[in-house]
Amino acid sequence: MNICSPDSPIVEQGILLRELDHRINGGLASAINLVSAAAVRLEGAEAKRALSDVVELLRGYADVQQVLAVPKGKALIDAATHIRMVGTAMRRSLLDRMNIRLAVATESLPLQPERCRRLGLIVHALVTNAATHACFEARTGEIKIKLTRIGALVNCVVLDNGSRPSRSAAGRGLRLSNDLARGLGGRVEHGFGDEFTSVVLSFPLAARERQANGAMAKRRIMRPPRRPNASPSDASALCGEASCPDRDWRPVATEPDPTPTHGAQLVSVRPAADALGALLSRRHRMVVL
């Protein structure tokens, strides 16, 4: 007789999440196969195009689900790469169809796998809220994501150039983001304006993450600066301080790591105009996905 001991709540939660991911992926794959088969059987060109669009839409959502799946292993994950992958998948599945542009500014940020996934889920929820609830009116829709680290604190800003007719319009999505943020030991703050809406997620790094980010920062400080391959005669071709807007740009992680010795505490942030100014500052390059 084999006696099975019950799994810990954390292990059991991981098993249930992986099973849920498996079921969702299986359902999406079945739907894609069924719609694709129906498109082959049809004869009308217009109907074929319509079903082909449905197939592409389902594939886009399958890509998002795959990116947000429960991570495997215990190795730290670069949150910057993960956020770009989430943004690319969302652009293909949702934003391109709504004519909304997405741009990101990120720096390398190693996080524990489950915490990185939680960050990705928050970004996904905030971008979805911005796309579905913001009123862009005559403006071209734009959503910007900026991920930075200052010492032992992480700030993730999601800002769009739309307005909100009511702050409660996206209440459920924002509540979900707040719940996920509490799991990171952080909080979410919101800012609303006539032509923009900003959300700032702030959370402290865990001990293992502080050690990895601090070591990465020290390596970058010790790295010698690159010298331009230009002769003295080409000096006129090199832009000066006034004409090079990105001349002073560098990731925040290259600065000395002021990690507190007794843990990190969240600092007050102003998520409205300050977030807009930080996103549009020349210090951080925005990359359009």
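One is the number of the first residue; the rest follow in order along the sequence.
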task = Step by step, work out the side chain to side chain contact (heavy atoms under 4.5 Å, CB included) result for Leu126 and Ile145.
result = CA-CA 10 Å; Leu126 295 179; Ile145 304 171; over 6 Å; no
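- By the rule that hydrophobic residues join a cluster once side-chain heavy atoms approach within less than 4.5 Å of another member, Leu42 and Val35 end up as members of one cluster.
- Between the side chain of Lys48 and the backbone N or O of Ala39 there is at least one donor-acceptor pair closer than 3.5 Å.
- The side-chain heavy atoms of Arg91 and Ile143, taken from C-beta on, include no pair separated by under 4.5 Å.
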Might you work through the side chain to side chain contact (heavy atoms under 4.5 Å, CB included) test for Val55 and Arg59, ending with a clear yes or no? CA-CA 6 Å; Val55 170; Arg59 286 175 176 169; 3.6 Å; yes
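- Of the possible polar contacts, none joining the Gln112 side chain to the Glu209 backbone as a donor-acceptor pair under 3.5 Å is found.
- In terms of heavy-atom proximity, Leu119 sits nearest to Phe203 at CD1-CE2, 4.2 Å.
- To the nearest 0.5 angstrom, Leu153 atom CG is 10.0 Å from Thr148 atom OG1.
- Contact detail for Asp78 and Thr81: the closest heavy-atom pair is OD2-OG1, 3.0 Å.
- For the pair Met216 and Glu107, the minimum side-chain heavy-atom distance is 4.5 Å or more.
- Asn213 CG to Arg210 CZ: the interatomic distance, rounded to the nearest 0.5 Å, is 10.5 Å.
- Closest of all the heavy-atom pairs between Leu57 and Ser93 is CD1-O, 3.4 Å.
- Residue Ile83 is not grouped with residue Leu76 when hydrophobic side chains (ILVMFWY) are merged at heavy-atom distances under 4.5 angstrom, including chains of intermediate members.
- Annotation: side chain of Val157 is not in contact with side chain of Lys144 (no heavy-atom distance under 4.5 Å).
- Between the side chain of Asn161 and the main chain of Thr140, a donor-acceptor pair closer than 3.5 Å is present.
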Review point. Side chain to side chain contact (heavy atoms under 4.5 Å, CB included) between Leu184 and Ile122: does it pass, once the steps are laid out?
Key: CA-CA 11 Å; Leu184 293 172; Ile122 295 174; 4.0 Å; yes
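- Contact of the Val67 side chain with the Thr88 side chain is not registered, since no non-hydrogen atoms from C-beta on lie closer than 4.5 Å.
- Here the OG atom belonging to Ser36 is positioned 10.5 Å from the CZ atom belonging to Arg41, to the nearest 0.5 angstrom.
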Practice item. Just do the side chain to side chain contact (heavy atoms under 4.5 Å, CB included) check on Cys156 and Val123 with the steps written out, would you? Key: CA-CA 8 Å; Cys156 183; Val123 171; 3.8 Å; yes
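- Judged purely by atom type and a 3.5 angstrom limit, Arg92 has no side-chain atom pairing as donor or acceptor with the backbone of Gly60.
- Distance alone, capped at 3.5 Å, places no donor-acceptor pair between the Thr106 side chain and the Leu147 backbone.
- Closest heavy-atom contact between Ala217 and Arg149: CB-NH2, 3.9 Å.
- Side chain of Asp63 to backbone of Ala89: no donor-acceptor contact under 3.5 angstrom is found.
- When the side chains of ILVMFWY residues are joined at heavy-atom separations under 4.5 Å, either directly or via intervening members, Met98 and Val127 end up in a single hydrophobic cluster.
- Between Asn99 atom CG and Phe136 atom CZ the span is 10.0 Å, to the nearest 0.5 Å.
- For the pairing with Leu180, the side chain to side chain contact (heavy atoms under 4.5 Å, CB included) check across Arg118, Arg117, His124 returns one residue only, Arg118.
- Cluster membership check: Ile77 does not share its hydrophobic cluster with Leu111, using side-chain heavy-atom separations under 4.5 Å among Ile, Leu, Val, Met, Phe, Trp and Tyr.
- Salt bridge annotation for Arg49-Glu46: absent, with no cationic side-chain nitrogen under 4.0 angstrom from a carboxylate oxygen.
- Counting all heavy atoms, side chain and backbone alike, Leu95 lies closest to Ala131 at CD2-CB, 3.7 Å.
- Counting all heavy atoms, side chain and backbone alike, Ala79 lies closest to Cys116 at CA-SG, 3.8 Å.
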